[in-house]
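In the text below, chain A, chain B and the rest are named by the order of the sequence lines, each starting its count at 1. All values reported here derive from a predicted model rather than from experimental measurement.
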Amino acid sequence: MTKNEIAERLEEIAVLLELKGENPFKIRAYGAGARVLESLETDEFEQLVADEKLDSIKGVGTALAQKIGELHATGELEFLTELRASIAPGLVEMLEVPGLGAKKIKAIHDKLGVDTIAGLAEACADGRVADLAGFGAKSQEKIAEGIRNREAYGKRHLWWLANEVAQPIVSGLRARPEVERAEAAGSLRRGMETVGDLDFIVGSSDPAPVMTWFCELPEVKEITARGETKSSVRFESGLQADLRIVPPAQFVFALHHFTGSKDHNVAMRQRALERGKSLSEWGLVPAKGDGTAKEKAERGESVEVADEAGLFGELGMSFVPPALREGLGEIEAAEAGELPSLVALSDLKGAFHNHTTSSDGRNTLAEMVAAAEQRGWAYLGIADHSKASFQANGLDETRLRKQIAEIRELNGSGRFKTHVFAGSEVDILTDGALDFSDELMAELDYVVASVHNALTQSEADMTKRIIRAVENPHVTMLGHPTGRLLLRREASKADLSKIIDAAIANDTIIELNASPWRLDLDWRWWRKAADRGLICAINPDAHECDGLDHVAAGINSARKGWLQPHHILNTRSLKDVRTCFARKSSV
DNA sequence: GCCGTTTTCGGCCCGACTGTTTTCAGTCG
């Protein structure tokens, strides 16, 4: 069993133990074990298993090492099998209902004998839930509502769409006279590919009118909590938003706290404690002394900081950009002054994977180039679909040659300042062969090779198929390597480690497809891959002019992957990109 | 279940809000 599959099993154990009412710290240990496994490189993990050194991993002790070892060797774990058998799957599902946690689910199960969502809905309908100790009419109605809207409430939201909702709210908050500072925090600020809910942090000494303004936004469908300093609302789409208002002096601490991630915060707090201080959303206060952190902060015992850089500085660290705050080594790097200078949107000088009306785009070649010029890009790559993608009106050899000629003519005309590269998004056929001949591909400036069919091949077949394409000397870059569509379609099964190795060995670039629905290759792979020499191309996969702006989503992911400008092809000058393409095509 | 420059036991991050309670447990982030 692979390391990520093992991590999933540990996560499952954590959930099941929670429903059993186990010691919360034991539960946390399983969850922490799962996360630490996910962060390990596969080779590293396999070595540790071979050496029987699993317990040398921080967060993995004797018990977890034994269980991980058993899962790795046999793919099964008796402990888990028994645990599963002892808990009805319906109880696990109930965790998705807002307001229901392990304790309440246990009470419902123990006292009412209910072990399915349907059974719970019935128990709400006939009033049995309200009669339970610790429950009442309101809890019952909330649970019933949660079951009815389970699908919409449980759903995550694409970063891009959530950001479109969030930005006007941030602007609206900042425009209010009572508001000194306002930011969107949470996973949105960290640039995660999907977002569970929105978190707004406001610094103000007069919170009441701000709270009212927020709760009365026209798009609010329901107010799920309303207090003096915190309110939660739900929008029509099911997206939930929280507003927290703190005194201006505490704004930076609250912003940092609610930006997260949880792992990052835990590490930051531990670091503060090592220095005799306690960090919370209220401030950075001495760990010793009377009262809670909040009380100390209110007595003025917190250090004062003007911004987050000041907060990190107090803990002897350089500023950690929100994108890196995932608890994946950023604390250590910041302490050592070894944080990367992350790539920024302004570093991009163009992009390579874009479509026109020749295949399935909505704008013509000239319109797309004009849009690139408007954005100040030095170059734009056109890579329309190849003939195998007939559903996308892919170009055959004749139409492609005609397009190449058009592009050469456009470049020669001097009509646009933006240079156009003639490329193609060539289908990787089922067996790994390419949809165009080597001769035709040699006529292009570059080739993006992508998989568009037979996405459900076995891992072995898909890996072999993609590697064969990556090894073709005419393939400049691999497009959307896993084919995933966020929240809609799972990634294809493939051994990405092997594919990355093959790309590095063959001087082939891998795309970070910046379409907000794809963000593929996922940011979690990039840090180590780039360290080993993999070059990235951030490509919007634009199907219309405005689609070029999706590079911003790609930049978010690239930053999360610790990428710097020199890791990314499209930060290079026109001249350098030409050199890179020429080297590849002269092979 | 994990961890240790207070090391083999006793901690483990912490606060807001809700609902059901009369002082707090549960959920959430």
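A salt bridge links R176(A) with E178(A): the distance from a Lys NZ or Arg NE/NH1/NH2 to an Asp or Glu carboxylate oxygen falls below 4.0 Å. For E44(A) and K3(A), the salt-bridge test fails: no basic side-chain N is under 4.0 Å from an acidic carboxylate O. The pair K138(A)-E141(A) does not count as a salt bridge, with every side-chain nitrogen at least 4.0 angstrom from each carboxylate oxygen. With respect to K560(A) and E193(A), no salt bridge is recorded, no charged nitrogen being found less than 4.0 Å from a carboxylate O.
Side chain of R484(A) to backbone of R518(A): a donor-acceptor contact under 3.5 angstrom is found. Panel note: side chain E216(A), backbone W213(A); no donor-acceptor pair is recorded below 3.5 Å.
The separation between E145(A) atom CD and dG19(B) atom C1' is 17 Å, rounded to whole Å. The CZ-P distance, from F200(A) to dA16(B), rounds to 21 Å in whole Å. A straight line from CG of L17(A) to P of dC2(B) spans 12 Å, rounded to a whole angstrom. We find that CG of L80(A) is positioned 14 Å from P of dG1(B), with the value rounded to whole Å. Rounded to a whole Å, the CD1 atom of I27(A) is 14 Å from the P atom of dC2(B). Rounded to whole angstrom, the span from the NZ atom of K138(A) across to the C1' atom of dT21(B) amounts to 13 Å. Rounded to whole angstrom, the span from the CG atom of L37(A) across to the P atom of dG1(B) amounts to 16 Å. Atom CZ in R234(A) sits about 15 Å away from atom C1' in dT18(B), given to the nearest Å.
Picking from dC3(B), dT20(B), dC13(B) the nucleotide with the shortest atom distance to the side chain of R269(A) gives dC13(B). The side chain of A225(A) approaches dC17(B) more closely than any other nucleotide in the set dC17(B), dG1(B), dC14(B).
Within the nucleic acid shown, T229(A) comes within 4.0 Å of sugar-phosphate atoms alone, with no base atom in reach, counting heavy atoms only. Across all strands shown, A297(A) has no heavy atoms under 4.0 Å from either base or sugar-phosphate atoms. Counting any heavy atom pair closer than 4.0 Å across all strands shown, S139(A) reaches sugar-phosphate atoms only and no base atom. Using a 4.0 Å heavy-atom distance criterion, I57(A) is classed as a sugar-phosphate-only contact. Heavy atoms of K106(A) sit nowhere under 4.0 angstrom from any nucleic acid atom. Within 4.0 Å (heavy atoms only), S232(A) reaches no atom of the nucleic acid at all.
Position along DNA chain B of the nearest nucleotide to L279(A) versus G227(A) favours L279(A) as the more 5'-ward residue.
With sequence neighbours left out, the ring-ring contact (aromatic ring centres under 6.0 Å, His included) criterion links H157(A) to no other residue.
When the C1' atom is compared between dG10(B) and dT6(B), the two are found 12 Å apart, to the nearest whole Å. The P atoms of dC3(B) and dT8(B) are separated by 16 Å, rounded to the nearest whole Å. Rounded to a whole angstrom, the distance from the P atom of dC13(B) to that of dT18(B) is 26 Å. Comparing dG1(B) with dT5(B), their C1' atoms are spaced 24 Å from each other, to the whole Å. A distance of about 25 Å separates the C1' atoms of dA16(B) and dG11(B), rounded to the whole Å. Taking the P atom of each, dT20(B) and dC28(B) are spaced 15 Å apart, rounded to whole Å. Here the separation of dC12(B) from dT7(B), taken at their C1' atoms, is 15 Å to the nearest Å. Between dG26(B) and dT21(B), the distance separating the two P atoms is 13 Å to the nearest Å.
Aromatic pair H264(A)/H256(A): ring centres closer than 6.0 Å.
Put simply, CZ on R28(A) and CG on L17(A) are 14.0 Å apart, with the number rounded to the nearest 0.5 Å. The CG atom of L173(A) sits 13.5 Å away from the CD atom of E180(A) when rounded to the nearest 0.5 Å.
Around the NZ atom of K493(A), the shell of radius 6.0 Å holds no more than 12 heavy atoms that belong to other residues, nucleotides or ligands. Surrounding CD of E164(A) are more than 12 heavy atoms belonging to other residues, nucleotides or ligands, all under 6.0 Å away.
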Summary of protein contacts for nucleotides 23-29 of chain B, nucleotide by nucleotide, where a base hit scores B, a sugar-phosphate-only hit scores S (4.0 Å, heavy atoms): ---SSSS

Contact state string [nucleotides 7-12 of chain B, B base, S sugar-phosphate only, - no protein heavy atom under 4.0 Å]: -----B

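For residues 89-105 of chain A, every residue pair satisfying the salt bridge (charged side-chain N to carboxylate O under 4.0 Å, His left out) rule, not counting sequence neighbours, is listed here: E93(A)-R150(A), E96(A)-R150(A). A side chain to side chain donor-acceptor pair (under 3.5 Å) check over residues 311-325 of chain A, counting only residues at least two apart or in different chains, returns the pairs E308(A)-R325(A).
Annotation: proximity of residues 304-329 of chain A to DNA chain B (heavy atom, distance under 4.0 Å) is found for no residue.
In this structure, dC9(B) and dG4(B) make a Watson-Crick or G-U wobble pair, each of the two defining distances being under 3.5 angstrom.
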